[in-house]
Amino acid sequence: MKCRKCGEKASLNMRQHKLALCKEHFLAWVPEQTERSIQRYRMFSRDDRILVAVSGGKDSLSLWDILWRLGYKADGLYIDLGIDGGHGYSQESRRLSEAFAASRDLHLRVISVEHEAGAAIPEAAALTQRGREKPCSLCGLTKRHLMNRAAQEGGYSVLATGHNLDDEAAALFGNTLGWRVGYLARQGPVLEARPGLARKVKPLCRFYEREMAAYALLRGIAYIYEECPYAEGATTLYYKELLNRLEADRPGAKLSFYLGFLRAREHMTFHEDGKDKLELHPCPRCGQPTSAPGECAYCRTWSKVRLRLGTITGGEA
Ligand code: Q46
Ligand code: ZN
Ligand code: ZN
């Protein structure tokens, strides 16, 4: 297989795009395509200050690398979840994120959940969920809260995440299976700002996971290969597998599923009603918007954690 641009040996054959490229042309193609998505969905301009949520994985570090190469003003945010399992997952992903930032002289803000909220994620989950479930809902809630707060406090106009097409197609598949119209109404490359909520964008939403892995590898980015130890068995991974099977038989199926949804959404209206409807007001404790009647879920959950920690250690809640 030869590179379509120069005729040299191709490094990657992208059947879904009917495009094969050598290393050099693939490394140029990815930032070009990212720039096209940024423009197409009007994500941000070169005047904006962007905060990239970095996990130490291939997608978020590649996103940061691409934005930096394209000349955008992008800082990074790493949230240390305090997950020790899987050979010190948090420690290792933090080390790689810090090394990445240092190698490019970029600014990385590090927030530790334990320091901010009073306990590491697994510990807090064990206290509130009694070890019955995975810590993922608490983790997701905490990350969203801290990311939004960091974006607001730092005066960033936009928060960028490294979600790729496989992530987006799997989320869309799940939301469609359950006809969660509230989520469908809000799913897309851009989530506009609301009072107290930062604007969110996903510049890699048109890239297959495989393309991002190839980009990180060919660019020589050192990223954490292993997933979070709690990711195993997640429904999203099951949906990804199903979609991969479909993709193997019909190259391009994932992309057309997602892009078809975005096109269809322009002509359809998903009414956010019932429990999906998001009527927001500021949380009386932290000030972040919430749809809960009183304090936001973050404040309620973490005060429960601190209360239980206080009971155990004899300290203050
Ligand atoms: S939610 Fe769950 Fe992830 Fe948090 S605990 Fe790990 S798997 S990191 S995206
Ligand atoms: Zn080439
Ligand atoms: Zn709150």
Side-chain angles (χ1 to χ4, degrees), residues 1-14 19-30 32 53-60 78-94 97 113 116-117 119-126 128-129 131 133-149 152 161-164 166-167 170-171 196-197 209 214 218 224 226-238 240 280-306:
M1 187 69 64
K2 289 185 173 165
C3 170
R4 188 201 280 177
K5 305 239 169 161
C6 67
E8 293 291 312
K9 189 173 173 290
S11 289
L12 201 75
N13 179 24
M14 296 172 283
L19 179 67
L21 292 172
C22 69
K23 174 180 172 179
E24 186 198 333
H25 285 115
F26 177 72
L27 287 177
W29 178 80
V30 172
E32 278 163 25
V54 167
S55 68
K58 63 183 186 318
D59 302 297
S60 56
Y78 176 83
I79 299 177
D80 188 335
L81 306 166
I83 295 174
D84 291 332
H87 313 293
Y89 172 75
S90 286
Q91 249 185 339
E92 183 60 2
S93 54
R94 176 174 176 163
S97 304
V113 172
E116 273 316 300
I121 291 289
E123 192 187 349
T128 48
Q129 301 170 173
E133 313 143 32
K134 288 180 178 223
C136 293
S137 56
L138 170 69
C139 178
L141 160 83
T142 305
K143 283 193 286 192
R144 281 194 298 278
H145 179 95
L146 295 177
M147 275 195 261
N148 190 54
R149 195 164 86 192
Q152 306 266 328
T161 55
H163 293 92
N164 59 40
D166 291 48
D167 299 321
L197 284 178
E209 188 156 336
L218 295 174
I224 187 152
E226 57 175 29
E227 295 259 12
C228 166
Y230 298 107
E232 210 188 315
T235 322
T236 328
L237 292 184
Y238 172 62
K240 281 188 178 178
L280 303 177
H281 62 85
C283 163
R285 188 190 280 244
C286 71
Q288 283 210 27
T290 176
S291 54
E295 286 185 359
C296 74
Y298 175 90
C299 288
R300 271 183 290 128
T301 313
W302 282 98
S303 37
K304 208 189 296 174
V305 171
R306 285 189 289 267

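Owing to the predicted nature of the structure, the values given are computational and were not obtained by experimental measurement. As the structure lists them, so they are numbered: ligands from 1, and atoms in each ligand from 1.
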>> Could you report the tightest heavy-atom contact between N148 and G196, atom names first, then the distance?
In response: ND2-O, 2.9 Å
Quick check: do [X] and [Y] have side-chain heavy atoms less than 4.5 Å from each other?
{"X": "C286", "Y": "R149", "value": "no"}
{"X": "L280", "Y": "L197", "value": "yes"}
{"X": "L21", "Y": "M14", "value": "yes"}
{"X": "S11", "Y": "F26", "value": "no"}
{"X": "W29", "Y": "R4", "value": "no"}
{"X": "T128", "Y": "W302", "value": "no"}

>> Check for me: within less than 2.8 Å of atom 4 (Fe) of ligand 1, which protein N/O/S atoms show up?
In response: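 Result, waters dropped: C139 SG.
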> T290 and Y298: side chain to side chain donor-acceptor pair (under 3.5 Å), yes or no, with the steps?
Replying inline: CA-CA 9 Å; T290 176; Y298 175 90; over 6 Å; no
> Are there any protein N/O/S atoms under 2.8 Å from the Zn ion (ligand 3), and if so, which?
Replying inline: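 The answer, once waters are left aside, is C283 SG, C286 SG, C296 SG, C299 SG.
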> Under the 3.5 angstrom rule, does the side chain of K240 hit a backbone N or O of A170 as a donor-acceptor pair?
Replying inline: no
